[in-house]
Novice: 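Got a structure for you, written out below as structure tokens; questions coming shortly.
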Amino acid sequence: MLIRTHTCGQLRDTNVGENIRLNGWVNSYRDHGNLIFIDLRDRYGVTQLVFDPDDGTDAALMAAADKLRNEDVVACEGVVRIRIGGENPKLASGKIEIVVKKLEVLNKTEPPPFLPEDIGNLPAEEFRSKYRYLDLRRPTMQKILGLRHKAYQATRRYFDQNGFLEVETPILYKSTPEGAREFLVPSRHLPGNFYALPQSPQLFKQILMVAGCDRYMQICRCFRDEDPRADRQAEFTQIDLEMSFVRRDQVMAMMEGFVRTLWKEVMGVEVPPLARMTYREAMERFGIDRPDTRYALESRDISSLAAKCDFGVFKDVLAKGQDRPQFNSKRGVVKAIHVPGGADKLTRKMTDGYTPFVKGFGAGGVATVKVNAQGAFETGIAKFLEPIREDLTRELNLKPGDAVLFVADLYAIATKAIGELRQVVARDLGLIPKSGAEGGPWNFLWVIDFPMFEKDKESNRWVAMHHPFTSPRDDQLEAFLAADVNDDDTIEGIVSAGYDIVLNGQEIAGGSVRIHDQAVQSKVFRLLGLTPEQAREKFSFLLEALAFGAPPHAGIAFGFDRLVMNFVGTTNIRDVIAFPKTQTGQDLMTGAPGVANEAQLRDVHVKSIPIEPKAEPKA
RNA sequence: GGGGCGGUAGCUCAAUUGGUUAGAGUACCGGACUGUCGAUCCGGUGGUUGCGGGUUCGAGUCCCGUCCGCCUCGCCA
């Protein structure tokens, strides 16, 4: 075999005259009869080969070149020369070509089901997944693999330099039926027992802190058996981190340093210091805990103004109480979004769609007013708002031609609805900028001071907003330990020591200071409705560990796939995973999951129960 | 589990209101061609319209079911 001396992305006019060898795939062939061009491709680039009888190519070599087809794997030897036909500016190697003297076909290909080209329409994703090895040959996919690799290396380098220890934690793990549905793995030795694949190494990393690791990092696979989305896979990658003997701000500073280093090394972008926003402010202004601050359309609580008008819907909602604590779901509020220029830009078709849209989040509807050239309100509810028109105009700084959208409901519903509505309006009006990778802004943000607990709608029980090992904020510990577990207003107001990093409206990392004190941990479990027995059954090892000298510790986890998505500028998580799965969790290339045979099932003491056939529909 | 969109040649797509033998580009095969670079030109092969049933004189098109893919709500501590 003619082993390569260079890659296909390497040779330049400085190499002219050199005798070289290249290996690669045929990217395209252009056969002019007595002159044949082959573009040879590998991961590094494309180089043009030429077979030219005027330059000594004999008939046998011409015949061999004549048979070359796309994706054949070849080796060649030849001489670098300046292109006679002129430069191709599209190629890095476009000034030169290789006059081939020897050719070896290393592997003739079957006609491939599609060609790994970035030009034209890509084959359907389903098809690209089935022949993933062909899809991955595309330069775009090679570039993504390269960016992902760079991110891995920058991550390891940064945390190594900061004293973090990389530790692997088990994939075969104990089931902890809190949170996401788990993948189960049956045990052969213990009939009827199952491992679970970890949703995250949360408990192990805390145990590592108790074990004195001090600083831990891992780029780890996590598994959640929930339905995927464009930016979610059942199997995904986290950068998992934990630190001992730190307070919240030290962890945040360390992680902020990581973000800035990562963006610098992977994208060459200088990220300014990250702004901080409390959960409450995020909810008030944006109606969501991961605000996209790239556009305005902020929402305002106008409850006290609305109380002075004659609109029945507002009055009814506000009558449900306004004197509750800050996060209280039983508080009635009126929220408004000011849309500059909205009188014209918001079409009837758009606004007609907004009421059904917010109804999906439990809200009653959206009221709209438009400000005419004289500054008067128009549309159906204008006359009810007349008593507060001047105050509202001043408060929201309304100008002629603007519009205002109102949602009135209980705090939780109105906030959620207006937050979702804001995003739809932004999309409708084309206010969302292009991605950072395409030259748009990178808006990073810390969100802090989350509530510890929220009420589960179905069971009406408290659930941990982050996870049950998250500590109350330092100044809340006393109040938390003293709080009556039945005092909803107080419990709802307890603030945690959690923190998220939000990028352009997407959560890219989340973490918290952990509980290192058994009394606090026990109270959290009690609040979540776990008896001491249940808590011990599920988390005995953690509770024990906390009793045997657990240092104060805190950590965070980054969604690695999402980071790479941002570097690439894609909204499809499957683009950044080498071998992704479909929405039903199938790998179309390998055919996983597959049926297990009788013997395999017997080994692990499992019996497969077929789905019961559905009742015949009546004819 | 719910809602939406899609499935036609190896691939990307078209096919009028339900109406002739389901077309085009590309890939592939054959031929021509000495400077191309998404080469060009000429010719050719290639179809269970995802699958099953129904309506109809007639179904790629309409109806029912089903499978698969994508988007989305629920879900994702």
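Naming: A, B, ... by sequence-line order, numbering from 1 per chain.
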Novice: Is the aromatic ring centre of A:F114 closer than 5.5 Å to the centre of the six-membered base ring of B:C11, with the two planes inclined by less than 30°?
Specialist: no
Novice: Strictly below 4.0 Å: does A:Q199 bring a side-chain N or O up to OP1 or OP2 of B:C76?
Specialist: no
Novice: Quick one: sort the A:Y131 and A:Y133 rings into parallel, tilted or perpendicular, breaks at 30° and 60°.
Specialist: perpendicular
Novice: Contact class for A:P123 (heavy atom, under 4.0 Å): base, sugar-phosphate, or nothing?
Specialist: sugar-phosphate
Novice: Taking the minimum atom-to-atom distance to the side chain of A:L115, which one of B:A77, B:C76, B:A27 wins?
Specialist: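 Nearest to the side-chain atoms of A:L115, counting from C-beta on, is B:A27.
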Novice: Could a donor-acceptor pair under 3.5 angstrom be found where the side chain of A:R232 meets the base of B:C76?
Specialist: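 Indeed, a donor on one side and an acceptor on the other fall under 3.5 Å apart.
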Novice: With a 4.0 Å limit, can you tell me whether A:Q586 has a side-chain N or O closer than that to the phosphate oxygens OP1/OP2 of B:G69?
Specialist: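 It does, given that an N or O in the side chain of A:Q586 lies less than 4.0 Å from OP1 or OP2 of B:G69.
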Novice: Between B:C76, B:U12, B:C37, spot the one nearest the side chain of A:Q48, thanks.
Specialist: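 For A:Q48, the side-chain atoms sit closest to B:C37.
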Novice: Specify the separation, in whole Å, of atom CZ of A:F127 and atom P of B:G10.
Specialist: 9 Å
Novice: Establish, with yes or no, whether the OP1 or OP2 oxygen of B:G69 is under 4.0 angstrom from a side-chain nitrogen or oxygen of A:T584.
Specialist: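 Answer is yes, contact under 4.0 Å.
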Novice: Under 4.0 angstrom, heavy atoms only, what part of the nucleic acid is A:N572 near: base, sugar-phosphate, or nothing?
Specialist: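 Nothing, no nucleic acid heavy atom in range.
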Novice: Would you indicate what A:R81 reaches in the nucleic acid, counting non-hydrogen atoms under 4.0 angstrom: base, sugar-phosphate, or nothing?
Specialist: base
Novice: Taking the side chain as C-beta and beyond, is there a heavy-atom pair between A:Q218 and A:P201 under 4.5 Å?
Specialist: yes
Novice: Quick check for you: among B:C76, B:G74, B:C71, whose closest atom lies nearest to any side-chain atom of A:R574?
Specialist: B:C71
Novice: Looking at every strand, decide which applies to A:E125 at a 4.0 Å heavy-atom threshold: base, sugar-phosphate, or nothing.
Specialist: sugar-phosphate
Novice: Can you check whether A:S28 has a side-chain N or O nearer than 4.0 Å to OP1 or OP2 of B:G38?
Specialist: no
Novice: With a non-hydrogen cut-off below 4.0 angstrom, is A:T470 in contact with a base, only sugar-phosphate, or nothing?
Specialist: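 A:T470: no heavy atom of the nucleic acid under 4.0 Å.
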Novice: With rounding to the closest Å, how many angstrom separate the P atoms on B:G25 and B:U45?
Specialist: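 It works out to 14 Å between them.
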Novice: In whole angstroms, how far is the P atom of B:A77 from the CD atom of A:Q238?
Specialist: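 Result: 10 Å.
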Novice: May I ask you to say what A:L91 touches in the nucleic acid, namely base, sugar-phosphate or nothing, with a heavy-atom cut-off under 4.0 Å?
Specialist: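 Here A:L91 touches no strand at all.
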Novice: Distance alone, cut at 3.5 Å: any donor-acceptor contact between the side chains of A:Y29 and A:D66?
Specialist: no
Novice: In the structure shown, which nucleotide is the Watson-Crick or G-U wobble counterpart of B:G69, with both distances under 3.5 Å?
Specialist: B:C5
Novice: Using the C1' atom on both, measure B:A32 against B:G69 and round to a whole Å.
Specialist: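 That atom pair is separated by 43 Å.
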Novice: Which nucleotide in the set B:C73, B:C71, B:C28 lies at the smallest distance from any side-chain heavy atom of A:R229?
Specialist: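 Taking heavy atoms from C-beta onward, the closest nucleotide is B:C73.
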Novice: Between B:C28 and A:Y29, is there an OP1 or OP2 to side-chain N/O distance shorter than 4.0 Å?
Specialist: yes
Novice: If you look at every strand shown and take non-hydrogen atoms under 4.0 Å, does A:G86 touch a base, only sugar-phosphate, or nothing?
Specialist: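 Touches a base.
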Novice: Which nucleotide sits closest to the side chain of A:E226: B:C75, B:C71, B:C37?
Specialist: B:C75
Novice: What is the distance, to the nearest angstrom, from the CD atom on A:E71 to the P atom on B:G10?
Specialist: 19 Å
Novice: Does the side chain of A:R30 get closer than 4.0 angstrom to OP1 or OP2 of B:A39 through an N or O atom?
Specialist: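 Yes, within the criterion.
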Novice: Return yes when atom CZ of A:R43 has more than 12 non-hydrogen atoms of other residues, nucleotides or ligands closer than 6.0 Å, and no otherwise.
Specialist: no
Novice: From CG of A:D31 over to P of B:A32, roughly how many Å is that when rounded to an integer?
Specialist: 10 Å
Novice: Under 5.5 Å between ring centres and under 30° between planes: does that hold for A:H32 against the base of B:A39?
Specialist: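 A:H32 vs B:A39: stacking yes.
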Novice: Counting just side-chain N and O atoms, does A:K90 come under 4.0 Å of either OP1 or OP2 of B:G38?
Specialist: yes
Novice: Would you mind listing every salt bridge (charged side-chain N to carboxylate O under 4.0 Å, His left out) that reaches into residues 554-564 of chain A, with sequence neighbours excluded?
Specialist: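 Qualifying pairs, neighbours excluded: A:R148-A:D561, A:D231-A:R562.
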Novice: If I take atom CD in residue A:E235 and atom P in nucleotide B:C76, what distance separates them, rounded to the nearest angstrom?
Specialist: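 Going from CD in A:E235 over to P in B:C76 covers 20 Å.
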Novice: Is any NZ, NE, NH1 or NH2 atom of the basic residue among A:R290 and A:E507 found under 4.0 Å from an Asp or Glu carboxylate oxygen of the other?
Specialist: no
Novice: Of the options B:G10, B:G69, B:C76, whose atoms approach the side-chain atoms of A:R224 most closely?
Specialist: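 Between B:G10, B:G69, B:C76, the one nearest the side chain of A:R224 would be B:C76.
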Novice: Going by side chain to side chain donor-acceptor pair (under 3.5 Å), A:R514 matches just one of A:H553, A:Q521, A:H467. Which one?
Specialist: A:H467
Novice: Under a 3.5 Å threshold, yes or no: a donor from one side chain and an acceptor from the other, between A:T109 and A:D72?
Specialist: no
Novice: Can you say whether a donor on the side chain of A:R128 sits under 3.5 Å from an acceptor on the base of B:G69, or the other way round?
Specialist: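 Result: no qualifying N/O pair found.
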Novice: Classify the side chain of A:R181 versus the base of B:G1 as yes if they form a donor-acceptor pair under 3.5 Å and no if they do not.
Specialist: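 No.
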Novice: So does A:E97 reach the base of B:G35 with its side chain, donor to acceptor, closer than 3.5 Å?
Specialist: yes
Novice: In whole angstrom, give me the gap between the P atoms of B:A15 and B:C62.
Specialist: 13 Å
Novice: Is there a donor N/O on one and an acceptor N/O on the other, under 3.5 Å, for the side chain of A:R83 and the base of B:U36?
Specialist: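 Between B:U36 and A:R83, which were checked side chain against base, a qualifying N/O pair under 3.5 Å is present.
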Novice: Does B:C29 have OP1 or OP2 under 4.0 Å away from a side-chain N or O of A:R69?
Specialist: yes
Novice: Could you state the CZ-C1' distance from A:F236 to B:C76, rounded to the nearest angstrom?
Specialist: 9 Å
Novice: What is the nucleic acid contact for A:D52, judged by heavy atoms within less than 4.0 Å: base, sugar-phosphate only, or nothing?
Specialist: base
Novice: Where the side chain of A:Q583 is defined as all heavy atoms beyond and including C-beta, which of B:C71, B:C28, B:C75 is the nearest nucleotide?
Specialist: B:C71
